[in-house]
Amino acid sequence: MSASGGTKAIVAALAANLAIAVAKFVAFLFSGSSSMLAESVHSLADSGNQGLLLLGGKKAQREATPQHPFGYGRERYIYAFLVSIVLFSVGGMFAIYEGYEKIKHPHEITHWYWPVGVLVFAIIAETFSFRTAIKESNTIRGKQSWKDFVRHAKAPELPVVLLEDLGALVGLVLALIGVGLALGTGDGVWDGIGTLCIGILLIAIAIVLAAETKSLLLGEAAGVEDVRKIEAAIVDGDTVPAIIHMRTLHLGPEELLVAAKIAVRHDETATEVAAAIDAAESRIREAVPIARVIYLEPDIYSETEAAKGADAEAAPGGPAPAAEH
């Protein structure tokens, strides 16, 4: 994985979750708290998720093959999508089932100091992990809001870790409230309600992650800033007077495909057109280094057609043919 910040955040989250999972399970054995059991499974699932993200980053580094000529960059998207499935099934659905059982058959919490102590420890550990994820995200987030960063980030690791850590912290607070109410009232139903709330929270986060990673798997275009840089790099006003239409596609978080039909003047020779294309490719790579796969198709520039406006489907030599179905 080339994004060292993402790797650092994943490793920090993995270390925290493994330690917390063990502590929570020990607390469950001594106290019988269903919130503790749900939270231990949650932390164990999160640990597996971080392992999946690291594995996806490793697999994405493989060289392109004849069967996969554009490489394996999308492996990172696939494994991020698997994370959402694990979080939904192992984390969310298990917590809902455990909460339902605890509400239906409540049990008194014994040795209260175990769950309370572990929850406080877990909140501190998750806070450090969340802080690391925030710090690493801020280095690439720029002026984006957190919502926009999660929605539009092309590298899935940091958004996944951020949402997982946020869900873990909120879940720990819910578990602490449930255990506290169960201890204060002597009614174990509150512990089950806390567990049920944790399950609903995890499912909600899993759905958000699934939706975002699904969009990446389907194929997303370059960000607005990168598109502007590419357009500015292609058009030099002389050899390439205009862009007829252009498409971009992320082959992976750090690899971009650019395909464009560019306008050339009718009196240029084949040698001049080839030189113009080569120069445009060099300018694109300099402006946006992740644009590694570039296809530029020349077409004759027409003042009349160009005056009609920048129709993405229109070519100066005439309208582009309709796509075949």
Side-chain angles (χ1 to χ4, degrees), residues 1-28 35-58 76 79-80 82-88 90-92 94-95 115-141 144-147 149-150 153 155-177 179 194 197-199 201-206 208-209 212-213 253:
M1 192 183 310
S2 61
S4 59
T7 304
K8 184 177 180 180
I10 293 171
V11 171
L14 177 61
N17 281 318
L18 285 174
I20 293 169
V22 173
K24 287 175 180 176
F25 191 70
V26 171
F28 160 71
S35 291
M36 283 293 91
L37 179 59
E39 277 294 311
S40 64
V41 173
H42 174 198
S43 294
L44 192 61
D46 280 353
S47 300
N49 288 341
Q50 274 99 53
L52 286 172
L53 292 177
L54 290 172
L55 180 61
K58 184 69 175 177
R76 288 165 67 177
Y79 280 86
L82 290 177
V83 164
S84 66
I85 295 174
V86 172
L87 194 62
F88 180 90
V90 179
F94 176 82
V116 172
V118 167
L119 285 171
V120 171
F121 162 74
I123 289 173
I124 294 172
E126 285 289 359
T127 299
F128 278 107
S129 175
F130 192 38
R131 180 176 175 273
T132 300
I134 290 174
K135 183 179 178 181
E136 298 302 327
S137 297
N138 280 333
T139 62
I140 61 174
R141 183 169 64 96
Q144 295 182 92
S145 66
W146 285 108
K147 178 183 177 182
F149 175 70
V150 171
E157 291 82 12
L158 282 173
V160 168
V161 174
L162 278 169
L163 288 177
E164 277 191 347
D165 284 351
L166 177 62
L169 279 172
V170 176
L172 288 167
V173 172
L174 290 173
L176 190 59
I177 292 173
V179 170
C197 290
I198 292 169
L201 170 69
L202 295 181
I203 286 176
I205 291 176
V208 172
L209 285 177
E212 295 305 320
T213 50

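The first residue in the sequence is number 1, and the count goes up from there. Fair warning: this is a prediction, and the values are worked out from it, not measured in the lab. Scope of the values below: all heavy atoms of this structure, side chains included, with no hydrogens, waters or symmetry mates.
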Non-neighbouring partners of V86 that pass side-chain contact (heavy atoms from CB on, under 4.5 Å), sequence neighbours left out | A45, N49, L52, V90

Shortest non-hydrogen contact between G56 and R76, atoms and distance = O-CG, 3.7 Å

With F149, which residues qualify under side-chain contact (heavy atoms from CB on, under 4.5 Å), at least two apart?
-> S137, I140, R141, Q144, W146, A153, L158, P159, L162

Review item, side-chain donor-acceptor pairs of residues 10-21, under 3.5 Å, at least two apart:
from : atom 1 : to  : atom 2 : distance (Å)
N17  : ND2    : A13 : O      : 3.0
N17  : ND2    : Q50 : OE1    : 2.9

Exercise: identify the closest heavy-atom pair between A80 and V160 = CB-CG2, 4.3 Å

Who pairs with R131 by side chain to side chain donor-acceptor pair (under 3.5 Å), at least two apart in sequence or on another chain?
-> none

Shortest non-hydrogen separation from P253 to P156 and the atoms involved | CG-CD, 4.0 Å

At their closest point, which heavy atom of L201 faces which heavy atom of G167, and how far apart are they?
-> CD2-O, 3.4 Å

Sole residue of T132, L53, V83 in side chain to side chain contact (heavy atoms under 4.5 Å, CB included) with V161 = L53

Just jot down the side chain to side chain donor-acceptor pair (under 3.5 Å) partners of T213, sequence neighbours excluded, or say none.
-> none

Could I get the full list of side chain to side chain donor-acceptor pair (under 3.5 Å) partners for S40, not counting sequence neighbours?
-> none

May I have the step-by-step check of side-chain contact (heavy atoms from CB on, under 4.5 Å) for L54 and Y79, ending in yes or no?
-> CA-CA 9 Å; L54 290 172; Y79 280 86; over 6 Å; no

Would you give the length of the straight line joining atom CD1 of I134 to atom OG of S129, rounded to the nearest 0.5 angstrom?
-> 10.0 Å

Non-neighbouring partners of L169 that pass side-chain contact (heavy atoms from CB on, under 4.5 Å), sequence neighbours left out = I123, E126, T127, F130

Approximate separation, where rounding is to 0.5 Å, of L82 CG and I85 CD1 = 5.5 Å

Report the residues that fulfil side-chain contact (heavy atoms from CB on, under 4.5 Å) with L163, sequence neighbours left out, ordered by chain and then residue number.
-> V150, I205, V208, L209

